[in-house]
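One structure is given here, and the rest of the page talks about it.
Atoms within a ligand are numbered from 1 in the order they appear, just like the ligands themselves.
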Amino acid sequence: MELHPDIKEVILSEEKIRKRVRELAEQISEDYKGKTPVLVSVLKGSVIFLSDLLRFMKINPKIDFIGVSSYQGKTQTTGEVRLVMDLKDPIYGEDVIIVEDIVDTGLTLEYLRENLLTRKPSSLRICVLLDKIEARKVDVPIDYRGFVIPNKFVVGYGLDYDERYRNIPYIGVLKEEVYKR
Ligand code: 5GP
């Protein structure tokens, strides 16, 4: 496989991701057997993860989308989380699983968890592909975790830098020079 010219280092290969996403999907399918959970995908970074997860599932979940903003196109968080797009449907009485690409400080997921809990779902769990455990500022319960990764800014598999690199099929770290452009 040819490496994207802006990528310095591959953290997780396509194959590794596929294998782990399949395991997560199987685990969730087992845990929610006979149920119809709502997968709440956090825009935009988690859409590729969501679609792969869905395809490996043996149950029939519903999906919905929620949009939050905290990064404003840079690699540093402002610490402020805002809801920029709400779910289409109510989640009252539903089994909800938040599907997120990455947990860093935990502020985004904490905000989402609190927000969704006020709507009284029957249950609420969190599924993340990547976890930067070292960067955590608030403790948030992660029920399904793909990988623990080092505290580096990563792109690919849906994750962007300034809206770019989402289409790279693996997870990687950008070359320093990209940030200087
Ligand atoms: P937290 O609120 O946990 O600090 O950050 C969560 C959000 O920050 C994620 O949804 C994601 O949008 C963004 N984020 C955190 N780390 C990274 C990273 O390494 N790469 C990219 N592309 N986004 C990140």
Side-chain angles (χ1 to χ4, degrees), residues 3-14 16-17 20-21 24 38-54 63-87 96-118 124-181:
L3 200 62
H4 187 287
D6 291 352
I7 295 288
K8 179 172 74 177
E9 179 195 353
V10 176
I11 301 256
L12 296 166
S13 69
E14 233 180 306
K16 249 189 164 166
I17 298 170
R20 186 69 186 121
V21 172
L24 289 172
V38 184
L39 305 183
V40 170
S41 168
V42 186
L43 294 172
K44 305 172 193 170
S46 75
V47 296
I48 295 186
F49 178 38
L50 171 82
S51 58
D52 281 350
L53 202 57
L54 258 181
I63 61 169
D64 207 339
F65 297 90
I66 200 160
V68 287
S69 145
S70 61
Y71 264 66
Q72 273 113 47
K74 297 282 184 290
T75 61
Q76 291 290 306
T77 183
T78 56
E80 184 196 290
V81 185
R82 281 183 307 129
L83 193 70
V84 294
M85 197 196 92
D86 205 355
L87 297 173
V96 174
I97 308 173
I98 300 176
V99 176
E100 174 65 309
D101 49 4
I102 187 164
V103 51
D104 185 12
T105 61
L107 289 165
T108 306
L109 278 174
E110 180 58 18
Y111 169 85
L112 276 173
R113 210 177 85 87
E114 300 275 314
N115 182 304
L116 297 189
L117 280 175
T118 63
L124 180 66
R125 285 189 182 174
I126 297 177
C127 173
V128 298
L129 180 67
L130 309 172
D131 189 344
K132 292 191 198 171
I133 282 182
E134 289 166 57
R136 196 75 86 261
K137 285 188 185 154
V138 289
D139 205 19
V140 44
I142 309 293
D143 303 282
Y144 304 98
R145 174 188 286 110
F147 303 92
V148 170
I149 60 161
N151 195 7
K152 293 178 182 176
F153 190 81
V154 294
V155 296
Y157 197 71
L159 288 129
D160 75 313
Y161 168 62
D162 225 357
E163 289 301 326
R164 297 179 63 204
Y165 310 107
R166 293 194 197 276
N167 59 322
I168 292 178
Y170 47 86
I171 304 277
V173 175
L174 290 168
K175 291 177 180 166
E176 316 297 334
E177 65 205 56
V178 176
Y179 300 109
K180 294 180 192 132
R181 278 178 202 156

Does [X] have a non-hydrogen atom less than 4.0 Å from ligand 1?
X: K132; value: yes
X: F153; value: yes
X: K152; value: yes

Check: So which heavy atom on L124 is nearest to which on D143, and how close?
Finding: O-OD2, 4.5 Å
Note to self: For Y161 and D6, which I'm curious about, is there any donor-acceptor pair between the side chains at under 3.5 Å?
What the structure shows: no
Notebook entry, point to check: Can you name the residues that form a salt bridge (Lys or Arg N to Asp or Glu O under 4.0 Å) with K16, not counting sequence neighbours?
Noted result: none
Next item on the list: Quick one: sort the Y157 and F49 rings into parallel, tilted or perpendicular, breaks at 30° and 60°.
Entry: tilted
By number and element, which atoms of ligand 1 are closer than 4.0 Å to a non-hydrogen atom of [X]?
X: V154; answer: 18 (C), 19 (O), 20 (N), 21 (C), 22 (N)
X: D160; answer: 21 (C), 22 (N)
X: L159; answer: 20 (N), 21 (C), 22 (N), 23 (N)

Notebook entry, point to check: ligand 1 and T105, any nitrogen or oxygen pair closer than 3.5 angstrom?
Noted result: yes
Notebook entry, point to check: For E114, which residues count as a side chain to side chain donor-acceptor pair (under 3.5 Å) partner, sequence neighbours excluded?
Noted result: none
Next item on the list: Compare E100, R136, R164, E110 and give the one whose heavy atom is closest to atom 10 (O) of ligand 1.
Entry: E100
